Amino acid sequence: MNIRIQKCIELIKANDLAGVVLNPGQSLTYLSGLHFHLMERPTILIITREGEMAVILPELEKGKLSGDAAKFQAFTYGDAPASWHTAFEQAASALMLETGRVGVEPEQLRFMELQYLHAAFPGVDFLDGSQVFSTLRLNKDEEEVAKMRRAAMIAQEALLATLRTLRLGITEKVVANELIIQLLRAGSDPNLPFEPIVAFGENSANPHAVPTDRALTPGDIVLIDWGASFDGYLSDITRTFTFGGVDEELMQIGEIVHRANQAGRDAGAEGLAAGVVDRAARAVIEEAGFGPYFFHRTGHGLGMSPHEEPYIYAENHQILTLGMTFTVEPGIYLPGRGGVRIEDDVVVTADGLQTLTDLPREVLPIEDFID
Ligand code: CO
Ligand code: CO
């Protein structure tokens, strides 16, 4: 039994559950190495506290069960939907799971799967198993961190290639599309962690801007928030540039956000609360008088999911432990004028936070990157 499944079983016991149910998504891949698409046919992995494992899946997917997954008890069904419930019933009798509390991933499991589960396991209480799933993938091992570092390198290479194409009049959408092409060319998995944000001028004051037909104009801030995926592990980076020289105050907030990013990355350490990182970054911005213009948390966990634990907000008492990975992304947003955000990805090590991203963080002129 692999170490990840062992850990899952320990967490099932620690949370006083009879088992957990997974459907296609990052946790299922993490535990089994299997990749399934979420589709109209249900695929389910059940792990019990006794270490029994059963997978319910379409007959045509059975060939995927190799390696560790070859040891799962498999219950398959054919193309006629009327017969699908029998695979669930067979799994139920094989697992002898008649009562107890079983955890599901609340953001993953759909009504369809839940209906089949309720019908086949009438005595079982299905409930929110977040405590198991958020802890399971929280601390990354060396191999996982290496994949995240690779995802960061791919993203950085793609950005540099994209910046070379910027010119007067180019639109946010065209730049975002070019960045996607460059991410794929640099070796990202095809499923990007999220659609890149490319925001010019006043649009950069919106932290979640969606690329538009806004054309690049002298005096613009250029904010780009993007990431790559490598073997299922993600990067999430933001850099901010200027085009044609921007006004003094925007340059000033650029310098403050840069210091806040550094302060956040310097403050975190094993054994400290996650909130320490937020407070250190926020203090720099507040002391400079821009507190009200930094209105989001300083970061979020990052791994196989673009947002996961630990969340980096002031009140979070969750203790940072070795191998946790998250973003540090302070920003200042001046409505109608522009915003600056500088986002890096870090891992908790015995020597403090190690940064996986190494592109220059200063707010630099785009012109420096065009050859
Ligand atoms: Co981001
Ligand atoms: Co982020």
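Note that the structure is a prediction, hence the values are computed from the model and not measured. Atom set for the values below is all heavy atoms of this structure, side chains included, hydrogens, waters and symmetry mates excluded. Just so you know, residue 1 is the first one in the sequence shown, and it goes up from there. Whatever order the structure lists ligands and atoms in, that order sets their numbers, starting from 1.
Computed with the Co ion (ligand 1) at the centre, the E343 OE1 to D225 OD2 angle is 100°, stated to 10 degrees.
Here H307 does not reach the Co ion (ligand 2): none of its N/O/S atoms is less than 2.8 Å from the metal.
Here the side chains of Q131 and L11 are not in contact, with every heavy-atom distance at 4.5 Å or above. In this structure, the side chains of E61 and L34 stay at 4.5 Å or more apart for every pair of heavy atoms.
Taking the Co ion (ligand 2) as reference, the nearest N/O/S atom within E329 carries the name OE2. Note on D236: its N/O/S atom closest to the Co ion (ligand 2) is OD2.
Remark: aromatic rings of F294 and H296 are close, center separation under 6.0 Å.
Taking the six-membered ring for Trp and thresholds of 30 and 60 degrees, F126 and F121 have ring planes more than 60 degrees apart, a perpendicular arrangement.
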